[in-house]
Structure formats: C-alpha cells, structure tokens
Amino acid sequence: MLRKTALTLTLTALPGFALAAPEGWQPLLAPSDLSALLERGEDIHIIRVTGDFEAGHIPGAVFSPYSEWRAGPTNPGALKPELEYESEAVRVGVTADRPTVIVHNGDSPSDMGAAARVYWTLKSLGVQDLALLNGGYQAWAAAGLPTAKGKVTPTESDFYAEWRDDWYIPTSEVVDLVESGEARLVDSRPEGFFEGITWSIARPGTIRSAENLQFSQFFEDSLMVAPERAREIAAEQGLQDAPVTVSFCNTGHWAALNWFALSELAEVPNTRLYAESMAEYTIHGHALDNEPNRVAYLWLSTKRWVNGLF
C-alpha cells in the first residue's frame with residue numbers, strides 16, 4: 001500500500017480516546033436494530049454503496065459508489081493506493097471512531113458483497129466500529145421504516161487512514177501457503193467455478209488444495225445468517241482451529257462475504273481476504289486444481305459461445 005509522508009496527529013491515534021460502540025451494536029444489524037439505535041439518538045454514520053440512492057435511501061445516509069472502492073477492469077479486486085481510499089473516506093465523512101453502517105441496495109446476496117468489501121476496506125483503514133445492514137435498503141424499506149429521496153452532499157471529515165494487513169493476504173503469501181499446506185483455502189465461488197466448468201476473469205479451476213464454501217451457504221431467504229449459524233457452518237467445515245483461513249473468489253467480491261461471515265460473525269481467528277483472488281493468481285501461471293485440459297477447455301469454450309448466441 002502507498003503511504004503519504006505527512007504526519008497527522010489525531011485523538012483516535014492516542015490510547016484511551018477510542019469511543020465504545022453503542023449498546024446493541026453488532027457487525028450484522030437487522031433494519032429494526034439500526035432503527036432502534038437511531039431512535040435512541042445514537043450518532044451513526046450510514047454509507048450506501050449500491051443502488052439508486054436518489055430514488056430512496058435511509059435518512060441521514062450518504063452515497064459512496066462501490067466503484068470508488070474497486071480497482072480497474074483488469075482486476076477490480078486489486079488494492080488501490082491507500083490515499084485513494086482515504087480520499088473517498090474523507091469525502092463521505094468517515095471518522096475512525098464513529099460507528100458506521102454500510103448499506104447495499106438489497107437486490108441479492110451477491111449485491112451484499114459490495115457492502116462486505118467496503119466494510120473490510122474500512123476496517124483495514126482503521127475504522128473501529130462497523131456493521132452491515134442485513135437485507136440492505138430494500139429490507140429497510142420493506143419494514144416500513146422512514147426513507148428519503150434526492151441527492152445528499154456529504155460533509156467531509158479529517159479521516160487519516162492507517163492501513164493494517166491483519167485481514168489481508170497477498171499473492172506471494174498465498175503461494176507459500178499452498179506449498180506448505182499450512183492454511184485452509186476457501187473458494188467462495190459457485191460450484192461451477194470451483195470445478196472449472198465455468199470461468200470469467202480468470203483461468204478455469206481453483207487454487208490447489210482449496211475447498212469450496214459457496215458464499216450462498218451463509219444466506220437464508222436472501223438474508224445473511226445469524227452469528228450462531230455462521231459458527232455452525234464454520235465448525236462443519238472444520239475451520240475453527242485452522243492456523244489461517246484464506247477466503248478468495250474471482251476478484252475479492254464474493255470472498256468478502258465469506259470473510260465477513262467467518263471473521264466477523266463466526267469469529268474464526270486469523271481469517272484473511274485474498275483481495276486480488278483468482279484474477280491475479282492465475283496470470284502468474286500457478287498450477288490449479290480442477291483445471292480442464294486443452295480438449296475439455298476448447299469444448300467448454302465452444303459450448304459457452306454457442307449458448308451465448310441464444
């Protein structure tokens with residue numbers, strides 16, 4: 001990550017000045033939970049990242065397009081320079097010690113991946129108390145809670161980012177872990193990607209020794225499961241005692257959902273997000289599991305092309 005050279009002293013950087021999260025705060029909030037906190041007068045920053053914000057949003061929310069937290073088309077999951085993240089955080093009024101809720105539109109579980117990825121990024125940048133709104137804006141509106149329309153101009157903050165690698169793992173370390181066998185590599189993608197039957201931005205197949213834990217397994221009726229169920233799923237996969245767990249997908253979007261469910265809900269220690277995921281891993285020519293041979297690849301490619309015609 002790139003760092004700026006200017007030194008800035010803030011109260012949040014000093015011991016003892018961190019504010020406690022509001023009573024009832026948790027990483028995954030139902031609309032009723034967030035509504036209760038707001039009605040109680042808690043100072044909560046709400047950031048919407050997908051959907052048509054001007055057509056309807058939670059009162060007091062600001063809009064920060066998901067694209068501002070993603071890299072270029074070659075690999076949207078790649079990390080941007082730290083100062084670019086900080087600039088967007090400042091623009092939308094982020095502060096390190098103000099509880100912040102990230103809200104997606106609520107179109108689908110995959111849509112929630114945008115909120116999870118922004119959550120992961122802000123946590124890595126030093127924001128202390130974060131939450132996702134389960135079901136997003138659509139669940140909020142469906143519950144009959146207040147909504148607002150129109151454009152909102154955020155008030156800038158003086159946020160100073162201090163990136164931590166605690167929840168991130170780079171390609172070089174993933175390669176080392178594959179060789180050593182000392183990690184649980186979790187492929188968050190749908191089964192077809194894991195089996196090498198379908199692909200998008202990366203070569204077909206999966207990282208060697210990886211296991212498939214589809215992000216959809218953490219959802220019931222389009223809502224993310226409660227922490228108790230997330231812990232059950234982690235236990236069923238045998239992840240609670242893993243020395244390190246690495247969540248990956250194609251570009252770190254679906255993988256952010258598994259990272260959130262395992263790290264923040266199930267509290268699996270040392271869970272990392274491989275942000276660049278298969279899009280970067282495969283361009284370096286690393287051997288894969290479930291990679292189709294040349295004949296199979298040509299057949300699958302032809303089949304995809306034919307299906308695309310109809």
Side-chain angles (χ1 to χ4, degrees), residues 21-69 92-94 98-123 127 129-152 154 188 190 214-233 253-266:
E23 183 180 352
W25 186 264
Q26 50 192 339
L28 185 64
L29 295 172
S32 58
D33 297 327
L34 177 57
S35 176
L37 290 168
L38 294 173
E39 289 180 2
R40 207 166 68 207
E42 300 289 356
D43 182 21
I44 296 172
H45 196 33
I46 303 172
I47 302 175
R48 173 89 167 269
V49 295
T50 63
D52 188 345
F53 181 84
E54 294 186 28
H57 55 263
I58 299 172
V62 297
F63 188 55
S64 179
Y66 184 40
S67 58
E68 294 296 324
W69 302 93
V92 296
V94 170
R98 186 183 182 192
T100 300
V101 179
I102 311 301
V103 179
H104 61 299
N105 191 50
D107 296 337
S108 65
S110 182
D111 182 39
M112 192 175 181
R117 178 66 188 246
V118 174
Y119 177 114
W120 173 85
T121 305
L122 287 175
K123 181 167 184 169
V127 179
D129 297 309
L130 289 156
L132 298 183
L133 182 64
N134 207 0
Y137 171 74
Q138 290 188 16
W140 174 276
L145 296 168
T147 61
K149 293 184 178 181
K151 187 176 181 179
V152 173
S188 308
Q214 300 173 53
F215 73 91
S216 58
Q217 291 183 241
F218 287 106
F219 286 84
E220 295 176 357
D221 297 327
S222 296
L223 295 177
M224 183 163 271
V225 299
E228 295 76 15
R229 178 56 186 149
R231 284 191 287 271
E232 289 176 0
I233 295 172
H253 176 91
W254 291 330
L257 288 167
N258 274 12
W259 172 84
F260 177 83
L262 294 172
S263 173
E264 309 299 272
L265 299 185

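Remember, it's a predicted structure, so these values are computed and weren't measured experimentally.
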Quick one: does [X]'s side chain get under 4.5 Å of [Y]'s, heavy atoms only?
X    : Y    : result
P31  : L133 : yes
V101 : W25  : yes
L257 : M112 : yes

First locate atom [atom1] of [X], then atom [atom2] of [Y], and finally report the distance between them rounded to the nearest 0.5 Å.
X    : Y    : atom1 : atom2 : answer
L38  : I46  : CG    : CD1   : 5.0 Å
L265 : F218 : CG    : CZ    : 8.5 Å
L37  : I44  : CG    : CD1   : 4.5 Å
L34  : E42  : CG    : CD    : 11.0 Å
L262 : S188 : CG    : OG    : 8.0 Å
Y119 : F260 : OH    : CZ    : 5.0 Å

Donor-acceptor check, side chain of R40 to backbone of P22, threshold 3.5 angstrom: yes or no?
no
For M224, does its backbone N or O pair with a side-chain atom of N134 as donor and acceptor, under 3.5 Å?
yes
What closest approach, in Å, do [X] and [Y] show between heavy atoms, and which atom pair accounts for it?
X    : Y    : answer
P146 : P59  : O-CD, 3.2 Å
A116 : A256 : CB-O, 3.6 Å
Y66  : G113 : OH-O, 4.2 Å
L223 : G135 : CD2-CA, 3.5 Å
S64  : V92  : CB-CG1, 3.8 Å

Counting heavy atoms not belonging to E23, are there more than 12 under 6.0 Å from its CD?
no
Are Y137 and I58 close enough, and set up right, to give a side-chain contact (heavy atoms from CB on, under 4.5 Å), and what steps lead you there?
CA-CA 7 Å; Y137 171 74; I58 299 172; 4.2 Å; yes
Looking only at side chains, do T147 and W140 share a donor and an acceptor under 3.5 Å apart?
no
Should the ring pair F53 and H57 be called parallel, tilted or perpendicular, given that the plane angle runs from 0 to 90° and is split at 30 and 60?
parallel
May I have all residue pairs that pass side-chain hydrogen bond (donor to acceptor under 3.5 Å, both in side chains) and include part of residues 106-116, sequence neighbours excluded?
T50-D111, N105-D107, D107-Q138, S110-W254
Note: K123-E264 ion pair, threshold 4.0 Å (strictly below):
yes
When you look at Q217 and V225, which way does the side-chain contact (heavy atoms from CB on, under 4.5 Å) test go after all the steps?
CA-CA 9 Å; Q217 291 183 241; V225 299; over 6 Å; no
